[in-house]
Amino acid sequence: MFAAERRQLILEMVRANGAVSLRELARVVQTSEVTVRRDVRALEAEGLLDRRHGGAVLPGGFTRESGFPQKSHLATAEKTAIADLAASLVGEGEAIVVGAGTTTQELARRLARVPGLTVVTNSLLVAQALAHANRVEVVMTGGTLRGSNYALVGSGAEQSLQGLRVSRAFLSGSGLTAERGLSTSNMLSSSVDRALVQAAAEVVVLADHTKLGSDTMFQTVPTELITRLVTDEPPVHDERAAAELQALADQGVEVTVAGPDADTPDGPSGDRRPRRDMPLPGQRRTTAGRNGGLGPQLRSASALSSDQPSTGERARVADLRRR
């Protein structure tokens, strides 16, 4: 493929999807990431797109939201690894909320094997993934259907979440920065996500590396309310994404990185999950923070087993469910 043909295809992909990772571009045009990066740089010089943390986005600052068909084909390997790791956080008998998104849909498919689980969601896709799980109870919110992402939104969805209390919320979004936290480009979706956050004792954000450093119009979860980020390992050349992860860790977010290395079947759901340690430049290990004086830390999958809910916590959640 000639350079002009590659660049035209790259431009069409970015226009169709709003944001595309270098990995995905290299796969589609069947060339190396080095070559794609050079093409993206040339297109940016012409003002046709913007480079952004390991990928390319539409020019003009804030990225726009892609439709579900486009999202479902982006960063699929990364989303799978993130979902595998996030599922290992969920224990038997828990009550959780799961928001809308392609990554949370992948998570839901893995939660079908967790016995005694109660999942509250506003996503039709999450509910569909759990529909035939005979040991999982699914609770749908009310609301108005938003067709672009198959989610229930509006005042009906928000009111149905009032008075709810669960152990964890699993959310995705369109962008994530240390400065603003998680954000999305749709106002109705952001309002429901905020209601989901209010219902949970802990907030777990699922975001692949292409969303790091991207900012969209409506904030859903400020950084100080994010308990943990589950993400994939950015490309080695993407220093800005690594810096964004470090900034999130410095603000007290537990950053857990899913990687393609060894697998181990030690998650409570019985899944085999990826393990990967990704040291960041200048990582702080002893800074005082909200983690019991130990400071913000980057977490690998191998360290997760010690973070599972205690028997007392599970009993508390079960009591909340009975109420």
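Taking OG1 from Thr121 and CG from Leu196, the interatomic distance works out to 7.5 Å, rounded to the nearest 0.5 Å. Summarising the geometry, atom CZ belonging to Arg37 is positioned 6.0 Å from atom CG belonging to Leu22; distances are rounded to the nearest 0.5 Å. Note that CG of Leu176 and OG1 of Thr231 are 8.0 Å apart. Values are rounded to the nearest 0.5 Å. Atoms CG and OG1, on Leu171 and Thr103 in that order, are 11.5 Å from each other to the nearest 0.5 Å. To the nearest 0.5 Å, the span separating CD on Gln105 from CD on Gln128 amounts to 7.5 Å.
Proximity of Asp208 to Arg23: side-chain heavy atoms (C-beta onward) are nowhere separated by under 4.5 Å. Two residues are said to be in side-chain contact when any heavy atoms from C-beta on lie closer than 4.5 Å; Val98 and Leu130 fail this criterion. In this structure, Leu89 and Arg228 have side chains that are in contact, with non-hydrogen atoms separated by less than 4.5 Å. With contacts defined as side-chain heavy-atom distances shorter than 4.5 Å, the pair Ser191/Val153 does not qualify. Using a 4.5 Å heavy-atom cutoff, the side chains of Leu229 and Leu245 are in contact. A heavy-atom distance below 4.5 Å is not found between the side chains of Arg109 and Leu125. Proximity of Ile96 to Val120: side-chain heavy atoms (C-beta onward) are nowhere separated by under 4.5 Å. Leu25 places a side-chain heavy atom less than 4.5 Å from the side chain of Met13.
Leu188 and Asn186 make their closest contact through N-OD1, 3.1 Å (heavy atoms, listed as atom of the first residue, atom of the second, distance). When all heavy atoms of Glu92 and Pro115 are compared, the pair lying nearest together is CG-O, 3.2 Å. When every heavy atom of Ser172 is checked against every heavy atom of Asp193, the shortest pair comes out as O-OD2, 4.1 Å. Listed here is the closest heavy atom pair of Lys211 and Ser174: CG-O, 3.9 Å. When all heavy atoms are compared, the tightest approach of Ala87 to Arg110 is CB-CB, 3.8 Å. The two residues Leu11 and Leu43 have their closest heavy-atom pair at N-CD1, 4.5 Å.
Put simply, the side chain of Thr118 never gets that close to the backbone of Glu137: no donor and acceptor are under 3.5 Å apart. Checking side-chain atoms of Glu244 against main-chain N and O of Ala178 turns up a donor-acceptor pair under 3.5 Å. Judged purely by atom type and a 3.5 angstrom limit, Glu24 has no side-chain atom pairing as donor or acceptor with the backbone of Ser21. Between the side chain of Arg165 and the backbone N or O of Ala200 there is at least one donor-acceptor pair closer than 3.5 Å. Under the 3.5 Å distance criterion, the side-chain polar atoms of Arg194 are matched with a main-chain donor or acceptor of Gln219. With hydrogens and angles disregarded, a donor-acceptor distance shorter than 3.5 Å links the side chain of Thr220 to the backbone of Leu182. A donor-acceptor pair is defined here as one N or O able to donate and one able to accept, closer than 3.5 Å; such a pair exists between the side chain of Thr104 and the backbone of Gly99. With hydrogens and angles disregarded, a donor-acceptor distance shorter than 3.5 Å links the side chain of Thr227 to the backbone of Val203. Looking only at distances, no side-chain donor or acceptor of Asp39 sits under 3.5 Å from a matching main-chain atom of Arg7.
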Starting from the C-alpha separation in whole Å, work towards a yes-or-no answer on side-chain contact (heavy atoms from CB on, under 4.5 Å) for Leu164 and Val97.
-> CA-CA 10 Å; Leu164 181 70; Val97 295; 3.9 Å; yes
Dump the intermediate steps for side-chain contact (heavy atoms from CB on, under 4.5 Å) on Leu152 and Leu145, then the final yes or no.
-> CA-CA 5 Å; Leu152 297 171; Leu145 178 63; 4.2 Å; yes
side-chain contact (heavy atoms from CB on, under 4.5 Å) between Leu206 and Glu106, intermediate numbers included | CA-CA 11 Å; Leu206 312 181; Glu106 288 296 321; over 6 Å; no
Derivation of the side-chain contact (heavy atoms from CB on, under 4.5 Å) call for Val126 and Leu111 = CA-CA 10 Å; Val126 168; Leu111 294 178; over 6 Å; no
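In terms of the side chain to side chain contact (heavy atoms under 4.5 Å, CB included) criterion, residue partners of Ala100 (sequence neighbours excluded) are, by chain and number, Asn122, Ser123, Asn149, Ala151. Listed by chain and number, the residues in a side chain to side chain contact (heavy atoms under 4.5 Å, CB included) with Ser32 are Val34, Thr35 (sequence neighbours excluded). Partners of Ser155 by side chain to side chain contact (heavy atoms under 4.5 Å, CB included), not counting sequence neighbours, listed by chain and number: Gln159.
Of the N and O atoms on the side chains of Thr31 and Arg6, not one donor lies less than 3.5 Å from an acceptor on the other residue. Between the side chains of Thr216 and Ser183, at least one donor N or O sits under 3.5 Å from an acceptor N or O.
Between Glu44 and Arg41 no salt bridge is recorded (no basic side-chain N to carboxylate O distance below 4.0 Å).
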